[in-house]
Enquirer: 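Before I ask anything, let me first share the structure, which is written out below as structure tokens.
Every chain is numbered from 1, with letters handed out A, B, ... down the list of sequences. None of the values given here were measured: they were computed from a predicted structure.
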Amino acid sequence: MKKNLSIAVFFIFSIFLLITCTSCSAFIADDTKLSAAQMLSKQPAPLEVELPNPSRWTLDNGIQVVFLEDKELPLIDVSLIMRSGRYWQPDVRPAALPALGYVMRTGGAGEYSSDELERKITELGASFSVNFGNEQSSISFSGLSADISDLFKLSRMMLLEPRLDKDKLALWKAQNLENIRRRKDNPFTVASTSFRQLLLGEEFYGTVLESRHLTEIDVDYLQSLLGKHIRPEGAYLVVTGSAEEESLRRLTEQYFGNWAPEPQTIALSYPPMRHQHKPSIVFVPGDYAQASVIAGTLGPQRLPPDYAAIDLLNEIVGTGGFSSRLMRRVREELGLAYWIGGSVSADNPFGITNVALQTSGQQVGDALKEVFMIIRDIQQNGPSKEEMSLAQSSLSQSFVFRFDSPAKIAHRIVNLELKDYPPDFDEDYVGNILDVEQSQIKEAAQKYFITPNQLLYVVVGPEKTWELLEQFVADNSEIFSGIELQRGVFNEKLSLAPIIDE
Amino acid sequence: MLKKLLLLFSFLLLLTETSQSESKFDQSNHDLRLLFKNVHQHVLGNGLTILVYPRPNLGPVFSGTVNVRVGGVDEPIGKSGIAHMLEHMAFMGTPEIGTSDYVAEKELLRSLEEIAKEQQQTGLLTKESAEKWSMLMKKLEVLWDVPSLSMEVEKRGGSGLNASTDKDLTRYFVNLPINSLEFWFWLESERLFNPVMRKFYSERDVVLEERKMRSEDSPTGRLWERLMLETFDIHPYRHPVIGYEADIRQLLAEETRKFHLQYYVPSNMVVTVVGNVDVQQVFRLAEKYFGAIESSAAPVRKYAVEPEMRTSKTVNVDFDAEPSMAIVYRIPAYPHPDSAAIEVLLELLLGNRLTPLQKILVEQLQQAQSVGTFDGPGAMNPMAQVFWITPRSPYKPKEVLSSFDGILKQARFSENELQVAKRSIQLGYLSGLSSNYAIGLALAKSQIFNGDWRHVVYHYDALQAVTLEDVDRVLDIYFKNKPRIVGVVGREETHIQ
């Protein structure tokens, strides 16, 4: 059954149809150059897009295979995506899952030592990766189609018979120690790490990987996690590239079908978010030439009912390139920041809404004031008609890029299913974007960007910025009523200086 | 039905099916031959070259690039940064986009330029001139609407609208749905051949900020700038593309426009279109919009000839951050016969976890967090090979250097390792063919620097033909005990004493 996208977005996988398509006015036969006025007033012709459906089948143990053929190149790309991750096993020590991914990839498997496995992989010219995330974990590999059996064989070994070489674990620890040392060299890393710590709390969601966490894990501990984190229940195997479906069915069944699930119930529920962040301004001094600023708060959960209004709000305010309000005003017109961005981001169990920018230490106050004015204006007056029209056009015309290759199509289908999106989400998307009213964007701006005195601010910059910040807060006491200005120190993570009561 | 169509396609496209009996390594040459069938070339009467690579299995999108053979290497002394400024100007609009009254704007810009020239020549701005400047700027700001260029692209679903200026190449790129193909041709033919030096002086300030961010406030940026000055004594590759601060401050709109007229000529440009497009239609649009542009004399170039590097040097750059290290050698650029052997040598030295630099330096001795390599800074001679090393604490750069030298001294490779290196190169090329961006870049660079896009395949063939003897030979000639520049950026205690 063909899946059709309604409205102005259909997609035809056929060169013959493209040549004969008379409604596609992109193909202008006449040689007269259009004038600027004609070109700029012309609406792009509707795109015909009809998405191919991938082949799907289910293995004996419940893994769903999603295969979309792409014979352009003699390559194959495979990802096994499991419903496992840190969020479903909150007691796992912080360093464990990142380490596990690395050690599974590099530490040998089955009959092969670490070097022997590496040799096998390099002889195939293949690439492999193992990754444990928050809600999903995966093993992915790619290589020549001709080597597909070997690739499947190695991936199964890597997944189900990892050797967890202790030397590789030691190497991972040493390298991460170095990464932790270097964290403070990048002011934006300092800002974003601090921001997450303060917003989400260190109990769980905002935990920062520190050097002390590295000593908490050893090979035995990693071994104990395998059974819990490597499971076929609810998993997907996404395959794109050049392959024969018949042999692929055999291979998937042979290498992954007999992987028996351990009897266990999957309780996919998010750990509670107990941390209550306090609106405040935290300054972190360092030997940096510029100031990096992040201001924000928690955002909505995944797929809020007003998601279309949010997407447009984002486009208008901060993600729409040079024409977004933040870029236009703060960078283009006032030259206050070399880069600036902001968005409302929905996710589970919570999203994050923020504005981030980099500016000179002296201009932090000016830049922030402009940001407040931009947001207040949208909250009070909504977007202009031109802004609406540009954002709607931009989102609907660029929608096609989400499906512009077989790999993207297949991965998107699986991603949306894993996140429980409704099956007609893509079909309805453009229509929903075009249906949004200006008032809905105004409401979304009020709801998600809230007010300046409810936000959390992190400012990372040279020491002299502190005085300016103090002055800025004092001069704008009505905006910052109730918000404390504090100092912090960043080494591996942020530590707040104790506040001394006068 | 759809499946049958796809199968029909694949038959049409992959005219060389490899048989089962061929060894897997032999398959490589056939895959790249895809390019010979898929790339379509057309040269306009004015000398502009169009290269089209259709990919009918993609969605209705394309990537368009315009590539100009101009960069930092072409800048007159005292005018460093002018090519990059021009790149910025290309986003400010045209007589039709970005202004509400070009006729009025032109006059105001002319008056503004008089004052700018006066300041550059005398070094001062009189009170009267300063007031006049403010007045002109106020009037201009009313007429300007610069975001409208990127807005026109965004409105049509464009993504990745950007540009880059390198030592010898300036590129403009964007991805768009195919229903904006004609718009793209129109836009590029307007803005790249008729740019307005709009907001020149405030963009000059933006570029100064950019310079601060990339070169001055970044430890690796600072190291890079120093390295280039040391690696090349007289060749213009030594100067930063972003420009020196003093030069940037003195740049004028008029001379930038003159620089543009000199280099943005059709015979000096290559346009690539990669995606789900119809080749003939692309050629027709190219004729329609680029064809009308008058041909001009090709730019005359004369670069200082850089002598061979005769002595090694050490460079220490002070910066309050954990250290980074670089080792720079001089090598010949493709298509020199040794160039392919050097690339294969590098793949053998650090291309995967088992190669000696990775295995020994990173894993066993644990003196480096990571080691990588790239060539540059431009695409032509004189060329350098840069090894970039992130050292591991405790930082002992002399030891890192000593280990690095030891590894090079003892490097011996087997036939099997050579095959692995070639296989890795093969996969690299193949996966590049799944990226519109990579295809466009590879075709443009080969066309511009080697005179023929087919060098993408010839270069690949040269890599696959390299022998172990070639590898040993180039290791001796260009690296073992050869003069080099060694650089460290970090706090004083991490420097090479």
Enquirer: Walk me through whether B:Ser434 and A:Leu73 qualify under side chain to side chain contact (heavy atoms under 4.5 Å, CB included).
Expert: CA-CA 8 Å; B:Ser434 59; A:Leu73 297 166; 3.9 Å; yes
Enquirer: Given A:Val400, which partner from the list B:Asn179, B:Leu176, B:Ile178, B:Val61 fulfils the side-chain contact (heavy atoms from CB on, under 4.5 Å) test?
Expert: B:Val61
Enquirer: Count the heavy-atom pairs under 4.5 Å between each of B:Leu149, B:Leu161, B:Thr390 and chain A, then report the option with the highest count.
Expert: B:Thr390
Enquirer: Where do A:Thr32 and B:Lys288 come nearest, in terms of heavy atoms and distance?
Expert: O-CE, 2.8 Å
Enquirer: Between A:Thr106 and chain B, which part of the residue has a heavy atom less than 4.5 Å away: side chain, backbone, both or neither?
Expert: side chain
Enquirer: With rounding to the nearest 0.5 Å, note down the distance linking OG in B:Ser180 to CE in A:Met39.
Expert: 9.0 Å
Enquirer: Of the backbone (N, CA, C, O) and the side chain (C-beta and beyond), which part of A:Arg119 lies under 4.5 Å from a heavy atom of chain B, both, or neither?
Expert: both
Enquirer: Name the region of A:Gln358, side chain, backbone, both or neither, that has any atom closer than 4.5 Å to a heavy atom of chain B.
Expert: side chain
Enquirer: Which value, rounded to the nearest 0.5 Å, describes the distance between A:Glu116 atom CD and B:Leu354 atom CG?
Expert: 10.5 Å
Enquirer: Chain A heavy atoms under 4.5 Å from B:Pro95: which part of the residue, side chain, backbone, both or neither?
Expert: neither
Enquirer: Side chains of B:Val362 and A:Gln175: does their closest heavy-atom pair fall under 4.5 Å?
Expert: yes
Enquirer: Considering residues at least two apart in sequence or located in another chain, which fulfil the side chain to side chain donor-acceptor pair (under 3.5 Å) criterion with A:Asp70?
Expert: B:Asn57
Enquirer: Measuring from A:Lys184:NZ to B:Glu322:CD, what's the distance to the nearest 0.5 Å?
Expert: 5.0 Å
Enquirer: As an exercise: rank A:Ser360, A:Gly335, A:Ala174, A:Ser398 by heavy-atom pairs under 4.5 Å with chain B and give me the winner.
Expert: A:Ala174
Enquirer: When heavy-atom pairs shorter than 4.5 Å are enumerated against chain A, which of B:Asn175, B:Asp205, B:Thr94 gives the highest number?
Expert: B:Asn175
Enquirer: How far apart are the closest heavy atoms of B:Pro60 and A:Leu47, and which atoms are they?
Expert: CB-CD2, 3.8 Å
Enquirer: Chain A heavy atoms under 4.5 Å from B:Ala421: which part of the residue, side chain, backbone, both or neither?
Expert: neither
Enquirer: So which of A:Ala289, A:Ser35, A:Ser389 has the biggest tally of heavy-atom pairs under 4.5 Å with chain B?
Expert: A:Ala289
Enquirer: Find the distance between CD (B:Gln369) and CZ (A:Arg182) and round it off to the nearest 0.5 Å.
Expert: 7.0 Å
Enquirer: Give the member of B:Pro177, B:Ser424, B:Ser370, B:Ser189 that has the highest number of heavy-atom pairs under 4.5 Å with chain A.
Expert: B:Pro177
Enquirer: How long is the span from the CG atom in A:Leu34 to the CZ atom in B:Phe183, to the nearest 0.5 Å?
Expert: 12.0 Å
Enquirer: How close do B:Ser393 and A:Glu178 get, counting heavy atoms only, and between which atoms?
Expert: N-OE1, 2.7 Å
Enquirer: Tell me whether A:Asp404 is salt-bridged to B:Arg55, with the criterion being a basic N under 4.0 Å from an acidic carboxylate O.
Expert: no
Enquirer: Using a 4.5 angstrom heavy-atom cutoff, name the option from A:Leu177, A:Asp77, A:Asn179, A:Asn186 with the most pairs to chain B.
Expert: A:Asn179
Enquirer: Which atoms of B:Val153 are under 4.5 Å from chain A, going by heavy atoms: the side chain, the backbone, both sets, or neither?
Expert: neither
Enquirer: Please classify the contact between B:Glu363 and chain A as side chain, backbone, both or neither, with a heavy-atom cut-off of under 4.5 Å.
Expert: both
Enquirer: How long is the span from the CD atom in A:Gln43 to the CZ atom in B:Arg156, to the nearest 0.5 Å?
Expert: 8.0 Å
Enquirer: Just give me the residue among B:Gly428, B:Ser159, B:Pro391 that pairs up with chain A most often, heavy atom to heavy atom, under 4.5 Å.
Expert: B:Pro391
Enquirer: Got a salt bridge between B:Arg353 and A:Asp115, using NZ or NE/NH1/NH2 to carboxylate O under 4.0 Å?
Expert: no
Enquirer: What are the two closest non-hydrogen atoms of B:Gly157 and A:Phe401, and how far apart are they?
Expert: O-CE1, 3.2 Å
Enquirer: If I measure from the heavy atoms of chain B, does A:Lys408 come under 4.5 Å with its side chain, its backbone, both, or neither?
Expert: neither
Enquirer: With chain A as the partner, which of B:Glu190, B:Glu96, B:Met151 has the greatest number of non-hydrogen pairs under 4.5 Å?
Expert: B:Met151
Enquirer: Under a 4.0 Å threshold between the charged nitrogen and the carboxylate oxygen, would A:Asp147 count as salt-bridged to B:Arg423?
Expert: yes
Enquirer: Using the rule given for side chain to side chain contact (heavy atoms under 4.5 Å, CB included), can you reason through B:Trp186 versus A:Leu40, listing the C-alpha separation, both sets of side-chain angles and the distance that settles it, and then say yes or no?
Expert: CA-CA 10 Å; B:Trp186 171 79; A:Leu40 294 175; 3.9 Å; yes
Enquirer: Would you indicate whether A:Phe322, at its atom CZ, is surrounded by more than 12 heavy atoms from other residues, nucleotides or ligands within a distance under 6.0 Å?
Expert: no
Enquirer: Select one option (side chain, backbone, both, neither) describing which atoms of B:Asn162 are under 4.5 Å from chain A's heavy atoms.
Expert: neither
Enquirer: For the residue pair B:Glu154 / A:Ser323, report whether a side-chain donor-acceptor contact shorter than 3.5 Å exists.
Expert: yes
Enquirer: Could you go step by step and tell me if A:Leu75 and B:Leu427 meet the side chain to side chain contact (heavy atoms under 4.5 Å, CB included) rule?
Expert: CA-CA 9 Å; A:Leu75 300 174; B:Leu427 265 297; 3.7 Å; yes
Enquirer: Would you say the side chain of B:Leu430 lies within less than 4.5 Å of the side chain of A:Leu144, judging by non-hydrogen atoms?
Expert: yes
Enquirer: Please confirm whether the backbone N or O of B:Lys155 pairs with a side-chain atom of A:Ser394, one donor and one acceptor, at under 3.5 Å?
Expert: no
Enquirer: Whether the side chain of A:Gln290 engages the backbone of B:Met213 through a donor-acceptor N/O pair (distance < 3.5 Å, no angle test) should be reported.
Expert: no
